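Only a predicted model underlies this, so the values are computations on that prediction, with no experimental measurement involved. Letters A, B, ... mirror the listed sequences (proteins, then strands); counts begin at 1.
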Amino acid sequence: MTTILQMQGITKTFPGVIALDDVNLTVAEGEIHALVGENGAGKSTLMKVLSGVYPHGSYDGVIEFRGEECRFSGIADSEKRGIIIIHQELALVPLLSIAENIFLGNERAAGGVIDWHETFSRTRDLLAKVGLKESPQTRVTELGLGKQQLVEIAKALSKEVKLLILDEPTSSLNETDSEALLNLLLEFKAAGISSILISHKLNEISKVADTITVLRDGAAVSTLDAKGSHVGEADIIRDMVGRSLNDRYPPREPKIGETIFEVKNWTAHHPQHSERKVCDDVSFHVKAGEVVGIAGLMGAGRTELAMSLFGRSYGTNISGTVEMHGRPVDVSTVNRAISAGICYATEDRKTFGLVLDDTIRRNIPLANLGGIADGIVIDENRELAVARDYRERIRIKCSSTAQEVVNLSGGNQQKVVLAKWLFAGPEVLILDEPTRGIDVGAKYEIYAIIAELARTGKAIVVISSEMPELLGVTDRIYVMNEGRFVGEMPTKEASQEKIMSLIIRSGHRN
Amino acid sequence: MSQEAIHQPAVTKPAPSGTAGASASFIRKHMREYGILLALIVIMAFFQIVTNGILLKPINLTNLILQNSYVIIMALGMLLVIVSGHIDLSVGSVLGFVGALAAVMIVQWDMNYILAGVICLAVGAVIGAMQGYWIAYWKIPSFIVTLAGMLVFKGLTLWVLAGQSVGPFPRGFQLISSGFLPDVFGIKGFNLLSMLLGVVVVAVMLFFGLRSRFRNRSSGHDDEPALFFFGRNFILAAAIVYITWALSTFRGFPNVLVVMALLIAVYSFITSRTTIGRRIYAVGGNEKATRLSGINTERLVFFTFANMGMLAALAGLVFAARLNTATPKAGLGFELDVIAAVFIGGASMAGGVGTIIGAVIGAFIMGVMNNGMSILGIGIDYQQVIKGLVLLVAVIFDVYNKNRA
């Protein structure tokens, strides 16, 4: 097989940091090449070098693409050669149509006048190729994330792509959409398009990748052949973290006590479409020291359930009761929910969890400012002591607690979110996708925190789209689909197949 | 409270090393704060030289303070508004309207001026609250609500005054702006009370500065390097003592300076040391995250605007007292000076960033330039151009710093 891309001796330094250290990467024509590594290992930097975001001259090393040495001075250069990168954060304009987005900057036009007929007909062809059945005139904002991802790929196809780079394409997709996307990659492969796939999801990688390159601390530590023989996930993880990870979940002896938290007949309606129920007559309970999972597909209503419970932060026309220790409590505002001992750590830490430009020290006490103040006067020394305490206890890696959270890695940001809620002193902690977008090592640490909280008698609810994670950390699992709880089982008796079949069968009932 | 120890997880990554020189990183982080103070000093030095020393003459210093008092008073409220992520374009019109209201009540209705003053402050708060209501609870952009307010109150000012200037005010009311601290010691040509007050202020400032520095030290706060701490305090103390001395040799502290200094102290404390202040910064930094932390963000924004309205009313009284008349043109364009002062002082349009001291220094930069250029006889045309450029440069400096960090 011929080589399409050869990157040799790539070294990229930022002031004081070596981001990439003599990295070699070879991609064969028509293969799917997976790039894995912990956050900060240099994957994105490497791809930015490749796509010209860091222009020639700002790094050392040689890039050869289709047999020619390339000196890209910008992303437009690399796109001209057929190297297209799709970033994790989608770069679509929400209020423009699919067709307008696909040809943005590359308009089908004659003398500045757009040829809408050609634009739409070409868009239809492209959408057919990615299997998206939408009108080219649909606005992007009306599409789900999975479909938006497909629009991005269609956009890449419109530019005669030779090498497609996908940066964590499935991180915010549900299992069905992820599956569809991966199948699409396999189709491209058959059509001769090479891809580089950056992903944290090892099961996906072992499914589609031909070759796997593992990056660690800015260096390529190994390249594994994934064709034919099955590469063990354990091998990949060992190379990623530089040590073997025998157990991905910390061991734990559940000590389960009385029921602390009980929700009865909880119903909430969609804020815009008020006839639609996002939670329909949901009842569940959590005991002291118990970790309860809520499984379900994206859009099942899990986040909506949690947010409607947490001070009615989502939904309208909400009914049902919440009990703590058998007594009904008022959770009608966030403040009351916190006072009742209920905390909710959001799935979207950047939008809903953190004041990004503020320091670690000032983020942690935000939900419990009274805890660091006398009356209304903040005691800065107590604030510092609290921040240092959590920094040590849950191992927030930072140069100082005066560091701004925007500069932390995803895992450490998540720990700041957790610290904020721990400092609010909850009895019930609802964690929504607590490990989304964070690397394997940090995930383990988050699991360890969850286990430790349960040991100290907290009631914990974990909402997660990653079923292995639910199976690994919880004691009991509820299954949610289309706003309803459709099953419940002890984790010991649960399996991915069982959960999926509950979801699928409940879907058929309608 | 969850004070249980959490065991260290078995899997760890080595912590990234990265403790650069404390001094260098401190400068980088606080470039803005020192930069603006430095800019004020440089600008003052420049005008002091080119005006042949007129700028810092006691009489001109007194003027400088009186001329800028209302901008500074409004800048305090505007800082809170801008930090919370909003803007208030109506303050100039509200200032004019309240001045007109005061004139009508005091001059035409013969109302007691203290009662009228209290009513005016309440009216200002209500005006701010009304605008804040739409902004906070209905989520109507503050730019639009206060733009409407600006037009409405400009019109109402004309209506209240029936297009005429109304004045003069009784002597007692004028004293807000033109009064000075009484010379209780009776030394001719020197207001000892003012001098003593200035010295006490410096002493208190140094005491609290040192105390908090020692406390921070003992709890291991990463604080500013000694050179900066002492340098900053020395400059500030020297400046205050000089200004105090200069003012004392003229007529002493203007009443409005005392009011202003108190307000600056109070608002500085609120923004930096209280839970309310912290919440306002959090709202501006990330409104959604703040609401999900159990903070009533709507009420906070509402009160920020009510407070702004009240301060605009106070500024209106000060301004009317200074002119000794209420005119339909009072307050025209003041909102722009106030907003410019806050942005020059380092606040961010996006919210969440800015300090009271920065806004005050920003106001003084504008004030010194106005005053200095007027002394030099530079035409109003050039003055506007230069002020505009200074605002632009200040913000470019900000953005440049931020990108480099």
Start with the C-alpha distance between A/Phe352 and B/Arg291, add both sets of side-chain angles, then the distance that settles side chain to side chain contact (heavy atoms under 4.5 Å, CB included), and finish with yes or no. CA-CA 9 Å; A/Phe352 294 109; B/Arg291 192 171 31 208; over 6 Å; no

Donor-acceptor contact present, side-chain B/Arg273 to main-chain A/Ile378, <3.5 Å: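 Yes: the side chain of B/Arg273 pairs with the backbone of A/Ile378.
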
Would you mind writing out the side-chain donor-acceptor pairs for residues 339-354 of chain B within the sub-3.5 Å range, not counting sequence neighbours?
residue: B/Ser348; atom: OG; partner: B/Ala350; partner atom: N; Å: 3.0

Neighbours of chain B found in residues 336-351 of chain A - heavy atoms under 4.5 Å: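 A/Ile338, A/Lys350, A/Thr351, listed by number.
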
List the steps and the verdict of side chain to side chain contact (heavy atoms under 4.5 Å, CB included) for A/Leu366 and B/Ile295. CA-CA 9 Å; A/Leu366 194 58; B/Ile295 290 163; 3.9 Å; yes

Could you grab the distance from atom CD1 of A/Ile376 to atom OG1 of B/Thr274, nearest 0.5 Å is fine?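 So the gap between those two atoms works out to 5.0 Å.
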
I want to check something: taking the side chain as every heavy atom from C-beta on, are A/Leu356 and B/Asn286 in contact at a cut-off of under 4.5 Å?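 No - every pair of side-chain heavy atoms lies 4.5 Å or more apart.
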
Can you confirm whether B/Phe143 is buried at CZ, in the sense that more than 12 heavy atoms of other residues, nucleotides or ligands lie under 6.0 Å from that atom?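 12 or below, so no.
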
Would you name the heavy atoms of B/Gly285 and A/Val355 that are closest together and state the gap between them?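 Here B/Gly285 and A/Val355 meet closest at CA-CG1, 3.6 Å.
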
Smallest separation among heavy atoms of A/Lys420 and B/Ser293, with atom names: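 Taking every non-hydrogen atom into account, NZ-OG, 2.7 Å.
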
Answer with side chain, backbone, both or neither: which region of B/Leu292 has an atom nearer than 4.5 Å to a non-hydrogen atom of chain A?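 Interface part for B/Leu292: both.
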
Counting heavy-atom pairs closer than 4.5 Å to chain B, which one of A/Asn407, A/Asp374, A/Leu354, A/Asp379 comes out on top?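 Result: the option with the highest number of such pairs is A/Leu354.
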
